[in-house]
Amino acid sequence: MPELPEVETVVRTLRPHLVGKQIVAVSHLDWPSTVQPMPPDLFREAVRGATVAAVSRRAKYILIGLQGGGSLVGHLRMTGQLVYHATPTTPGRFTRLVLDLDDGGQLHFDDMRKFGRLRYVAADERLEDALPDLGPEPLAENFTAADFSQLVSAKLARRANPVLKAILLDQSFLSGLGNIYADEALHLSGLHPLRTLRSLDEQESGRLYVAIRQVLNDSLTNNGTSFSDYRDGLGNKGSNQDFLHVYHRTGQPCHVCGTPVEKVVVGGRSTHFCPQCQPAAAGG
DNA sequence: ACATATTCCTGGGGGC
DNA sequence: TGCCCCCAGGAATATG
């Protein structure tokens, strides 16, 4: 599942191959929902002739800025892959969209499950209006422990008290974490996923902040987690799946204490934790 | 405000 | 071998 480190890796690997290139045609588009809400014909028309000015990331969104101010806003969801091919390549079984570039290369959007999107946002539309409400970037240099603590306080001040797993998945609270890194961050910080936000003391909040940044940075170093479908912008796997501590390790020994990893469902999401390293709050 | 269910999708795994 | 069922899950949406 592409989360912040995976999307950032895609952006970094695509950028040198896309910036300055002109999109000469949309040569394949077999799933209209991929470019919704714009009808496929209008998408082809809007994108044809555009030149890529920049490739960046906001939360789990891939932003391809175009000269003239338009943008392509991509989200890989579960199984999406945005891959640059240096030479024309026959669309695969799961290729939903192909952009032909003026260097003879192509940008393929492959997506088995069809949840991914690559939307065109016109120059006269505000990019922030095209994106949902998104919390801070956890890896931003100016995002400090104090900022995180403030974020928690603000949430609590609104009479909210979600469980930790749920709040870490809430993109409007903090952006970029998904199921893998939420579980990994809670394990690294020694916090049970069903602890509530209000139950955190200052030290635990600090540990969680450090752990979030640690698991994301570690995964970036490993080019992301290729647990199943994730590939970078050149089609290569990451290696962070070899270093996960709890995610998808149900029943296997905790790397820290040897206790079998447990799995529960929180908010409809499978949640993995070590009952020894991540004790439940006293009293339940 | 939060929890839960539903929708979108399809490959793959478990059960028989 | 081959069904059927159900699961995986990010995010939007609806309902309690």
Side-chain angles (χ1 to χ4, degrees), chain A residues 1-8 10 29-38 57-63 73-82 91-97 109-119 121 128-135 137-138 151-186 193-200 216 219 224-231 241 244 246-251 261 263-273 284:
Chain A
M1 284 57 71
E3 305 176 26
L4 188 155
E6 289 74 30
V7 177
E8 179 64 26
V10 169
L29 206 180
D30 85 338
W31 191 251
S33 294
T34 301
V35 298
Q36 75 177 23
M38 186 174 269
R57 178 189 63 77
R58 171 72 175 107
K60 302 176 194 172
Y61 291 85
I62 296 166
L63 308 176
V73 177
H75 198 302
L76 304 175
R77 292 292 187 100
M78 251 78 79
T79 58
Q81 302 172 4
L82 205 50
R93 184 178 168 195
F94 306 127
T95 303
R96 308 303 171 199
L97 177 67
F109 191 92
D110 296 346
D111 186 17
M112 181 186 83
R113 300 272 281 284
K114 299 180 175 177
F115 287 173
R117 299 287 181 262
L118 190 68
R119 295 174 180 169
V121 178
E128 52 264 48
D129 291 339
L131 297 172
D133 183 25
L134 295 167
E137 289 285 336
L151 210 56
V152 171
S153 299
K155 187 75 181 173
L156 294 176
R158 289 194 290 269
R159 296 180 185 177
N161 191 25
V163 296
L164 296 180
K165 177 61 184 279
I167 197 64
L168 291 185
L169 290 178
D170 184 348
Q171 301 299 298
S172 68
F173 175 77
L174 184 68
S175 65
L177 291 181
N179 216 29
I180 297 173
Y181 301 111
D183 283 3
E184 293 296 315
L186 288 171
L194 290 176
R195 287 275 303 275
T196 64
L197 198 60
R198 194 177 301 280
S199 77
L200 292 185
L216 294 176
S219 183
T225 300
S226 288
F227 169 67
S228 53
D229 299 275
Y230 162 71
R231 299 292 183 277
Q241 62 276 11
L244 298 177
V246 287
Y247 182 78
H248 213 260
R249 293 194 65 248
T250 309
V261 171
K263 181 169 93 169
V264 294
V265 174
V266 182
R269 299 285 173 263
S270 60
T271 298
H272 314 75
F273 68 101

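The figures here come from the full heavy-atom set of this structure, side chains too, leaving out hydrogens, waters and symmetry mates. Throughout, a chain's letter reflects where its sequence line sits, starting with A, and its residues are numbered from 1.
As judged by a 4.0 angstrom heavy-atom cut-off over every strand, S270(A) is placed among residues touching the sugar-phosphate backbone only. As judged by a 4.0 angstrom heavy-atom cut-off over every strand, P132(A) is placed among residues touching the sugar-phosphate backbone only. Residue contacts for Y61(A): at a heavy-atom cut-off of 4.0 Å it reaches the sugar-phosphate backbone alone, with no base atom in range. Backbone-only engagement by R93(A) is indicated by non-hydrogen atom pairs under 4.0 Å involving sugar-phosphate atoms exclusively. Counting non-hydrogen atoms under 4.0 angstrom, M78(A) reaches a base of the nucleic acid. Among the atoms of the strands shown, only primed sugar atoms or phosphate atoms (P, OP1, OP2) are found under 4.0 Å from some heavy atom of K263(A). As judged by a 4.0 angstrom heavy-atom cut-off over every strand, D111(A) is placed among residues making no nucleic acid contact.
Rounded to whole Å, the distance from CG on L131(A) to P on dA12(C) is 10 Å. In this entry the distance linking CE of M1(A) with P of dA8(C) reads 10 Å, nearest Å. Atom CD in Q36(A) sits roughly 13 Å away from atom C1' in dT13(C) (whole-Å rounding). The interatomic distance linking R58(A) (CZ) with dA11(C) (P) rounds to 12 Å, in whole Å. Nucleotide dA8(C) holds its C1' atom 8 Å from the NE2 atom of H248(A), rounded to whole Å.
Remark: T34(A) OG1 to D111(A) CG distance equals 6.5 Å, nearest 0.5 Å. Here the straight-line distance linking atom CG of L156(A) with atom CG of L151(A) works out to 10.0 Å at 0.5 Å rounding.
Annotation: of the two residues near DNA chain B, A166(A) and F115(A), the 5′-most nearest-nucleotide partner is A166(A). Place R269(A) and A160(A) on DNA chain B by their nearest nucleotides, and A160(A) ends up nearer the 5' end.
Along DNA chain B, the stretch of nucleotides lying under 4.0 Å from any heavy atom of chain A spans, 5' to 3', dA1(B) to dG11(B).
Within residues 170-183 of chain A, the residues having any heavy atom under 4.0 Å from DNA chain C are, by residue number, Q171(A), N179(A).
Listed pair K114(A) / dG10(C) fails the phosphate criterion, with no side-chain N or O lying under 4.0 Å from OP1 or OP2. Distances shown here put every side-chain N or O of H75(A) at or beyond 4.0 Å from the OP1 or OP2 atom of dG10(C).
In this structure, S219(A) and E6(A) have side chains that are in contact, with non-hydrogen atoms separated by less than 4.5 Å. Proximity of V261(A) to Y247(A): side-chain heavy atoms (C-beta onward) are nowhere separated by under 4.5 Å. Considering only heavy atoms from C-beta on, N179(A) comes within 4.5 Å of S270(A) through its side chain.
Between K165(A) and D183(A) a salt bridge is recorded (basic side-chain N to carboxylate O distance below 4.0 Å).
Between the side chains of Q171(A) and Y61(A), no donor-acceptor pair is found at a separation under 3.5 Å. Looking at S33(A) and R96(A), their side chains never bring a donor and an acceptor atom within 3.5 Å of each other.
The aromatic rings of H248(A) and H272(A) sit tilted relative to each other, their planes meeting at an angle between 30° and 60°.
Just one of L200(A), V163(A), L186(A) meets the side chain to side chain contact (heavy atoms under 4.5 Å, CB included) condition when paired with R195(A); it is L200(A).
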